[in-house]
Structure formats: C-alpha cells, structure tokens
*Asks:* 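Quick one: this structure, given as structure tokens, is what I'll be asking you about.
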Amino acid sequence: MSTRRQRPAAQDAEHRPYDPLAVEPRRYQEWLSRGYFHASVDPSRKPFTIMMPLPNITGTLHMGHALNHTIQDLLTRWRRMQGYNAMWLPGTDHASIGTHVVMERELAKQGKTRFDLGREKFLEFAWQWKEKYGGLIYNQIRRMGSGCDWDRVTFTMDPGYYDAVIECFLRLYRKGYIYYGKRMINWCPKDLTSVSDLEVDYQTQQSHLWYVRYRGADGGDGVVIATQRPETILADVAVAVHPADARYASLIGREVVVPIVNRRVPVIADERVDPAFGTGALKITPGHDPTDNAIGADHGLPVLVILDEHGRMTADTGRYAAMDRFMAREAVARDLEDAGLVERKEPYTTNVGLCDRCKTVLEPYITDQWFCRMAELAKPAIEVVRTGRIRFHPERWTGVYLNWMENIHDWNISRRLWWGHRIPIYHCGNGHMAAGREAPARCPKCGATELRQEEQILDTWFSSAAWPFATLGWPSQTPDLTYFYPTSVLVTGRDIIFLWVARMIMFGLEFAGDVPFTDVYINPTVMNLEGRRMSKSLGTGLDPLDYVEQGYGADAMRFALTLRCSQGQQDLRFGEKMLDDVRNFNNKIWNASRFVRMHLEGFDPSAGPGPWSVIDRWIRSRYARIIGAVTDALESFDFDKAARTLYDFVWSEFCDWYLELAKVDLYRDDLPAERRRAIQHTLWSVLEGTLRLLHPIMPHLTEEVWQSLPHAGESIVIAAWPRPDDAAVDEAAETQVGTLMAVVRAVRSMRADLGLAPTARVAPSLRAPRDTQALLAAHRDYLAALTRASQISLGDGAAGQPGTVGTVVEGVEVSLRVAEADRERARKRLQGELSAAHADLERTTRKLADPSFVSRAPAEVVAEERRREAELRVREQVLSGYLAALR
RNA sequence: GGGCGCUUAGCUCAGGGGUAGAGCACCAUCCUGACGCGAUGGGGGUCGCAGGUUCAAAUCCUGCAGCGCCCACCA
C-alpha cells in the first residue's frame, strides 16, 4: 500500500516495540500477590470508596464495562496515590429476569420450561450455572488491570447480602410503605412475570386503527370508536366521551351494544378522553388498558378479562378461546368486518411496549402484586441532590434525576420469578399475611397453622438498591460500614440513573442514614464509529478483550477510552484506529524511557540537583504545571483533559524538545560532571513523575517502566501522587526556551521551503535585541544541533545580506543564505509570508483606526493590538527587504 | 407532547467573547546513534443555518434544521 520507504526493523530484543502482552498479566499478578488492592479499616487515613456497578452474572465484559471500569480504576489508583485508603468493591448481580431469560433459553434447547423443573430444581440449575460461569467476568475485569478489592467480592444472593435485602423489605413493610393487591402492571406473557415501567422497551411499530361501530341499545346509530386492539372489544364495559364534546352530548347516559358479545354498556363522560383523537369516543376496557382501568375504577365499572397469563384468549371467549392475542386480533377484526361494523381501517404507527429482556410484547395485566410507596422515600433523596450533598457530573443529569424523582410513581417490586430474593411474607388460608424471616407457627390474625410463603421474588433492582451498604455488613453497624460509608463516587451509565442510582440514594438515606455516595459520574455511552450503540443483537458489539489480546494491551484500551471520555458528550465513538494512536504513544514512552535509562548510568538522586540549565528549568517548569493541570482535571472529572495533557506533554514537550536538547549536552565529551548530574536528575525526576501521573490510566506500562528506572520504589501503585511545585514554575525559562524553539522552527521551515535535505548543513544568521542575543549566544550549540547548522552567526552584521531568505520570530531576525538554484523557492516563500503579513497588518490597522474599538475595548486588548501592529510593520519591512535583495 | 445533548479540517474530538486547535489521514523530505508504532516541514475549516447582543461572536441570546438520547396512559 504505502510507498514509504521503511528502515529495516531492528531485530534485537532491545529494539523491539513495547509488548504489553508480555508485561500486563505479570504485573497484575504481582499487585495481587502484594495485596495492594485490599483495603481495611484504618482510622488514620481517609477512605476513598467506589462500589462497582454490578455486572450480571450472565454477562461478559463489553466496551461499556471497559470504559466504566477504567474510570473507576483510575479514580481508585489516583486517590490511593494521594494517600487515601482506596477501596473499590467488585461484585455481581444475580440479575433475576436477565438470568431467567438465559437459563430458560438453555432449558428450551432441551424442550423444557422452568415449570417442568419446578422451583427447587430450577434454582439448583441456576446456582450450578452461577458457580460455573458466574465468575468469568472477574477474569476479564482483571485482564483490564482493574484494581478491585477481591477479598470483598460480593454476589447479591450471598447469604449476608440476601438477609440484608430481606431486612430492607421488612423495614419498609413495617413502616407501611409496602402494599399488596390486584393491580394492573406490565406483564410479559413469555417470562410470566410483571415488569416495572422502567423495564419497558418502547418500539415504533406499524399497526392499524379499526373504526368500529357500536350500535345504540335503542336501535340508534350509536358511536364509532377507534381501536388498535379489536380483540379487547370482548372485554369492553363502556364507551367514554369527553363531557364537553357536543357531538356525543345526547348519548351520555344511554347505552350502546358492544359488537360480537352484544353486551349493553353505558356511554359515560370522562375528561381523560381526547376528543381530537379518532372519533372522540373511547371504548373502555378496564381489564386490558391502564387508562381504561383508571376510568373504569372511577365510574364503578366492572373489570372483564379475556386474556390469560400467556396472552391467550380465555376459555369463556367462545370461538376465540385459546387463541393467541395477535391471532385473536385478526379473527375479531375479520368478524367485525363480516358483520359490517368496521367503518374503516387505517394504517397506524404506534409505540409498542416490549419486555426489555426478551422483547415480547407486554400486556397490561391484572395480578396480585407488591408495590413500594415512593413518595416518602423520594423526599430526602430529592433534597440531597438539590442541596448539592450529592453532585452529578456532568451536572446536566441533576435535572434529569430531579425531574424523575419529582414525578415518581409507586414501584412494582414483585416478580413472578424464582431466581432472586423471595418475598418474606406468609399467607394463611384465610387471606391473612404475616411478614418475617421465618414462617410463623400460626397466623397472627386467625391462628391458622397452614402458612405458605409468598411465591414472588423481589425486583432485581430492589436488591441492588442496597448495594452501597449491604456490601459492608449492614444491618450490623460494622466497622467497615462506619468507615467506608458513605462511599465516594459512583461511576455509571445514564441508562440506569432511575433504575439504580435513584433507588440507591433512597435506600441509602432510609436504611444507612446517609447518602450512599457524594458524587455520581455518568460516563458516556460507547458507540461504534457510525454512532450506533454497541450491542450484540445489532452485531455492533465489540469485545474489548479481543483488542487487548490482539496486541494493543489493556493500557492502550484504557488510555484510548479515557482520552475520549469528556463531559461534553453523552456518547463516545470508538474505532480501532484510536488504539493505534495510543499504542504508538505507549511505544513512545517505552523508547523515551529506554533513552533516559541509557543515560542514567551512575546516577545518584541523593547527590542533589542542579546546577540547572535553562532547558532543565524549562521542562521542570512545564512538568510542575502539568501536575496541577492533571490533578485539576481528575478532580473535576475531566478525564479526557487529563489524558490529553499527559499525551501532549510527553510527546510534544518532553520527547520532541527536552530529550533532543538534552542530547546536545549528553553527547558532548567535555560535559562537566555536575552538568551531567543535573541533566540526569531532570531526566529521571520528570520521567519518573510523569509515569506516576500516567499510572492511574495506564497502570501496567507505567509500572514496568518505573521499576526499570534506578532508585524507583517498591511499586508505582503505592507511590505518592506528585505534588504541584509552584517553586519550579519558571516563567523566564519558558519564555527563553520559547524563543529558542521559535528560532529552530523558523530555520527548519526555511530549510524545508528551500528544499534542503535534512542532512545538508546550513549557516543561519540571527539578529536580535541585546538580551535575546545573549540568550541565543549562550545556547548556540542547541540551535546548531536542532537546525543542523554548521555554524550560527549572531549580530548586526550577520543578517539581511543580499541573497538570503529571512523571517522574524519572537523579535529575532532569522536568515539563511540561498544558493543560486534555490532563489525561486526563496522568493516564493518570502512572497507568501509577505502577503500574509500584509493581510494581518491591514486587519490590525483597520481595527486600530476604529474609534469605537479604541475607546471601548479594554486597554490591554488595544495595547496588544498596537504591539501587534508594530511587530507586523517590522515584519513586513524585513520581509520586503529580503525579497528586494533576492531580485 | 415535553426535556436534554450534539452539529468545529476527510475521520475522532478539544476549545469557548479578542487573529481557528490536536491526533489520525493526506502531501513533501529524511535509512540523524530512544523510538519508522519514528523525525522534520506543509496543505486543508466563511466553527449546521438565520437573526440578535457587542467595539469584537465559532464562543453569549433567540429561532430553525439535522442527528442522537430520555421522559409521557393518547385509544
């Protein structure tokens, strides 16, 4: 493909690129064996705690985890280095319905359902599965370098955790927050369970709207209603119209006849009917529609049910009995048409609610359900966010959270599933209930001795709501709980702000007496380059470990994700190219370190620093600033900024400039020993410190390199986070090196424009004000080396000679002799620069000629503009001088 | 129907009132002793559109459009 000439790759081991695969697992093992990730109560240090958003036991690591875990791990490592007692607690979720779907798919392969096995056998099967596969994701998490406290791994159905969940239920029950009864809920006819409103996946589908005539019971025309579910006509108990709808005013209170079943039902008036929709008349089916259910209840209407739990027509529906709901829909529609009752049928686009897990169309269905009253729980949870006790990052999610909390509905917490926390309620034969961990000997109300435990289990989110405290030993006030709770940061995705975050806040306040965490960081959603969500079912899922094992390594994956983890965006588009960039960066660090190590022979950091040269002072100053910038960025959750700052510093400053400048000294034979020591100290301290700054993002590489440096400590994991050193900030050195760099760039640019080979020697001439001239003179060797000059002339006589090309940068006039053959190129360059300078000058002059600018703009802006004008005039003059001398 | 986010170079994204930035890609040159997963130089954008505020707008305000996400019981 590429026509680029490539230098033959060096084969010896020393020159091979960095190989993360050879390093990462080894280093991770080392950290584990040294117990760095385990934290225990230590009152002398402040804790920093993160609770991992628990992956499902059925899950495997995907790109979302990779990002989410990278952020958590970098926060944990960073805080540990800062001296916190950092603890990151891992665990997995039994994921009741999610696991059921997986298990039952397995069973289906054997032609079985969970009912063929029965509750006990099924649970046995699930536990076996959990033991066998439930820990696989832990290995994947470790491969990413995540420093979790593995001694604290928790599974939501571990005995202690199980008890804590039951305790939560019992406390809510005793407080009167739990209620039970027949309610209309979202029912999945496949999983045979209820599903909470948040677990409904709405999808747009094409369907039809049937306009069906209901004749008047008195033989009149009656009304025409519009429905997309003709089968539910069998369960109609009324027709409702808006009370102010003149079209139907005369019908209110009269009766119409429900087709097919020929039932006489009243026409009622209700505000909830939208007169603008369809015909403005709404059939009321309290058994199969939530709105109708509410209207029916208010009007004292009966509830008829024509679908069973499988979504099939009930036995009493005559010829439709046992028909699937969708078949029944067609059948009823056909029969209505045959009866001449369908006025028309329109195509209709509708939102269909699907089961989030199995994608079956959900049915509004009435069953015995357990609910948790939310109003009281929500109040303090709203307060803590309003007052800033808990802060969301990015901040915009605060509004999303509050909006949901302020309109919160009661929570359907029961599921007709088996895998999970069974509701600790015992029913007696007389319809009484008793709550408790154990079955009471007799019913406290009627004394009956036959008690059966409630069959339903708790919503999986009910149990995960207790995660931040149930993992620490609650309800016992354990030392762990006292010490680590409230936790510090929750890192999670926006998709579970309501499902999980909100509920943890409510539960934490209710049960543990305080917020579960003080900061919530909502990480972006990882997308592919087309901007589509990564998902297995879409075929757009990417396995992060595939990339890792392909040779990029975990560090590259981590850095690539961190580099794009900005608060400005809600999505993060990921493509393999991004790994190439970071892989190259890793290699850059690797090689730079090799160079540094090579020149560190005999280095003794205790011998003391200095005397610094301007380049030492410059890089030390830059490094000092970087410490602050990176720390601030992490502090404010700007992870991309932290990564970018480090990338730029390492590559564009440390490698491109400092190392190149240092070489000039290091390769001199006559370098004084103390100067060598100063350079060594700078190389060593800046690299070593930069590695520490990089470590939270790229733990393995930094450890490997850090330990290869002389006088490194036991491990970078437990090394201290660099402290910003204000004393090292050196404006003068930055300005001076800035000038040197500008001169070098100017010469290089001219060389290139003249078409000179990089190997060709040049002899630039420099002219500058006295101070600058002294600076240039003092660093002539640097300039010569970086511009590949045989010699550098300084002073008034040196520049502006005929037959030269030149420019002005930072007040320095830089010129180069032009060979006869290169005159045309030189002229072209000068003309280009000149016209650019001319345009700039014109704009500046125009600006300064505008009285409103001069009078209204801040004085320093005007002064800056004046300075620029003067500079441009000089520049224009100098350039035209050169151009004239070339003709 | 509401709400939120995004729209800057071919791609991925920073920036956020005072002369448009990075990485990759592209072009040119280079087998320079840490690195070709490299070095140096360079080309490329009227910052989605339209108004407004301002001496000055990519940046603030309003509206619009496109894309994406979320909430909501419209049959």
Side-chain angles (χ1 to χ4, degrees), chain A residues 4-10 14-15 17-18 202 209 225-229 232 240 272-274 276-279 281-285 289-294 348 350-351 364 394 396-397 399-400 403-404 407 494-495 497-498 525 527 529 531-533 563-564 566 568-575 577-578 580-599 640-641 644 647-648 651-652 655-656 659-660 663 667 745 748-753 755-759 785-786 788 839-840 843-844 847 850-858 861-862 864-865 868:
Chain A
R4 194 187 311 158
R5 202 162 22 161
Q6 294 212 341
R7 181 203 257 178
E14 258 299 276
H15 287 78
Y18 172 62
Y202 285 98
L209 212 49
I225 59 88
T227 180
Q228 40 171 335
R229 305 185 57 195
T232 63
R272 281 162 282 194
V273 179
D274 175 5
F277 188 90
T279 62
L282 171 65
K283 71 190 206 58
I284 299 298
T285 320
D289 182 275
T291 308
D292 294 8
N293 191 266
Y348 187 67
T350 185
N351 262 348
R396 68 182 105 97
W397 296 109
V400 176
N403 183 51
W404 187 76
N407 298 296
R494 65 180 121 98
D495 50 334
I497 292 177
F498 309 140
T525 304
M527 307 283 209
L529 283 182
R532 299 186 59 196
R533 205 189 192 91
L563 197 50
R564 288 165 185 80
S566 98
Q569 307 225 185
Q570 57 180 4
D571 299 331
L572 186 163
R573 291 188 183 202
F574 178 86
K577 246 190 268 174
M578 295 166 186
D580 283 320
D581 299 352
V582 178
R583 186 250 267 122
N584 296 353
F585 178 55
N586 286 359
N587 201 233
K588 192 76 181 173
I589 296 171
W590 181 250
N591 282 298
S593 309
R594 195 146 56 83
F595 172 83
V596 170
R597 214 182 308 125
M598 237 160 62
H599 290 281
D640 60 327
K641 196 178 286 174
R644 204 171 36 248
Y647 183 100
D648 290 342
W651 204 312
S652 310
C655 291
D656 284 352
L659 293 188
E660 294 306 318
K663 279 177 189 173
Y667 289 137
R745 287 202 186 98
R748 284 171 171 173
S749 173
M750 285 190 282
R751 293 179 55 117
D753 281 353
L756 301 179
T759 45
L786 297 205
R788 307 216 116 218
D840 285 352
R843 196 172 43 219
T844 307
K847 219 167 168 182
D850 179 356
S852 56
F853 170 72
V854 179
S855 62
R856 299 203 171 182
V861 173
V862 177
E864 169 62 19
E865 205 61 30
R868 186 182 298 154

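As the structure is a computational prediction, the values presented were derived from the model and not from experiment. Here is how names work: the chains are called A, B, and so on, in the same order as the sequence lines, proteins then strands, and each is numbered from 1.
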*Asks:* Could you tell me the separation between the CG atom of Asn586(A) and the P atom of G23(B), rounded to a whole number of Å?
*Replies:* 17 Å
*Asks:* Tell me whether the side-chain N or O atoms of Lys577(A) pair up with the base of A25(B) as donor and acceptor below 3.5 Å, since no angle test is needed here.
*Replies:* no
*Asks:* Measuring from the side chain of Val273(A) (C-beta onward, heavy atoms only), which nucleotide among C37(B), G68(B), A75(B) has the closest atom?
*Replies:*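 Nearest listed nucleotide: A75(B).
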*Asks:* Choose from G33(B), G18(B), G41(B) the nucleotide whose nearest atom is closest to any side-chain atom of Tyr667(A).
*Replies:* G33(B)
*Asks:* In the structure shown, which nucleotide is the Watson-Crick or G-U wobble counterpart of G1(B), with both distances under 3.5 Å?
*Replies:* C71(B)
*Asks:* Please determine whether a side-chain nitrogen or oxygen atom of Gln569(A) lies at a distance below 4.0 Å from atom OP1 or OP2 of U12(B).
*Replies:*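 No, Gln569(A) has no side-chain N/O under 4.0 Å of OP1/OP2 on U12(B).
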*Asks:* With hydrogens left out and only the distance checked, is there a donor-acceptor pair under 3.5 Å joining Lys588(A)'s side chain and the base of C35(B)?
*Replies:*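 Yes, a donor-acceptor pair under 3.5 Å.
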*Asks:* Does one side chain, of Gln228(A) or Thr350(A), offer a donor that lies under 3.5 Å from an acceptor on the other?
*Replies:*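 Indeed, the side chains of Gln228(A) and Thr350(A) share at least one donor-acceptor pair under 3.5 Å.
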*Asks:* Let's see if you can work this out: which of C69(B), G18(B), C24(B) has an atom nearest to the side-chain heavy atoms of Arg494(A)?
*Replies:* C69(B)
*Asks:* Can you find a donor-acceptor pair, distance only, under 3.5 Å between Glu660(A) side chain and A34(B) base?
*Replies:*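 Looking at the base of A34(B), it does pair with a donor or acceptor on the side chain of Glu660(A) (distance under 3.5 Å).
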*Asks:* Are His599(A) and Lys663(A) packed together at the side-chain level, in the sense that at least one heavy-atom pair is separated by less than 4.5 angstrom?
*Replies:*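 Of all side-chain heavy-atom pairs linking Lys663(A) with His599(A), none is under 4.5 Å.
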*Asks:* Would you mind telling me which of U12(B), C37(B), A14(B) lies closest to the side-chain atoms of Arg583(A)?
*Replies:*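 Among U12(B), C37(B), A14(B), the one nearest the side chain of Arg583(A) is C37(B).
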*Asks:* Measure from the side-chain heavy atoms of Arg564(A) and tell me the nearest of G38(B), U12(B), A75(B).
*Replies:*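 So the nucleotide nearest the side chain must be U12(B).
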*Asks:* Strictly by Watson-Crick or wobble contacts shorter than 3.5 Å, is anything paired with C60(B), and which nucleotide is it?
*Replies:* G52(B)
*Asks:* Which of the following nucleotides, U19(B), C4(B), C71(B), is nearest to the side chain of Phe498(A)?
*Replies:* C71(B)
*Asks:* Please tell me which of Asp640(A) and Tyr348(A) maps to the more 5' nucleotide of RNA chain B, matching each residue to the nucleotide holding its nearest heavy atom.
*Replies:*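 Looking at RNA chain B, the more 5' nearest nucleotide goes with Asp640(A).
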*Asks:* Of the listed nucleotides (G41(B), U19(B), A75(B)), which one gets closest to any side-chain atom of Arg843(A)?
*Replies:*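 For the Arg843(A) side chain, the nearest candidate turns out to be U19(B).
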*Asks:* Could you please name the partner base of G66(B), counting Watson-Crick and G-U wobble pairs only when both distances are under 3.5 Å?
*Replies:*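 Pairing partner, where one exists within any strand: C6(B).
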*Asks:* Salt bridge or not for Asp580(A) and Arg583(A), using N-O below 4.0 Å?
*Replies:*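 A salt bridge links Asp580(A) with Arg583(A).
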*Asks:* For residues Thr279(A) and Ala226(A), report the shortest heavy-atom separation together with the two atoms involved.
*Replies:* OG1-N, 4.3 Å
*Asks:* Go ahead and name the base partner of U29(B); Watson-Crick or wobble counts if both distances stay under 3.5 Å, otherwise write none.
*Replies:*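 Check on U29(B): paired to A39(B), both distances under 3.5 Å.
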*Asks:* Out of G41(B), A75(B), C37(B), which has the shortest distance to the side chain of Asn584(A)?
*Replies:*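 The nucleotide sitting nearest to the side chain is C37(B).
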*Asks:* Is it true that Asp753(A) and Arg748(A) make a salt bridge, defined as a side-chain N closer than 4.0 Å to a carboxylate O?
*Replies:*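 Looking at Arg748(A) together with Asp753(A), the answer is no, because their closest N to O distance does not fall below 4.0 Å.
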*Asks:* To the side chain of Asn591(A), which of A75(B), G5(B), C35(B) is closest?
*Replies:* C35(B)
*Asks:* Quick check: on RNA chain B, is the nucleotide nearest Arg272(A) upstream (toward 5') of the one nearest Pro858(A), or the reverse? Name the residue that is more 5'.
*Replies:*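 Result: Pro858(A).
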*Asks:* Heavy atoms from C-beta onward define the side chain here; which of C4(B), A72(B), G18(B) lies closest to that of Lys847(A)?
*Replies:*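 Of C4(B), A72(B), G18(B), G18(B) is nearest to the side chain of Lys847(A).
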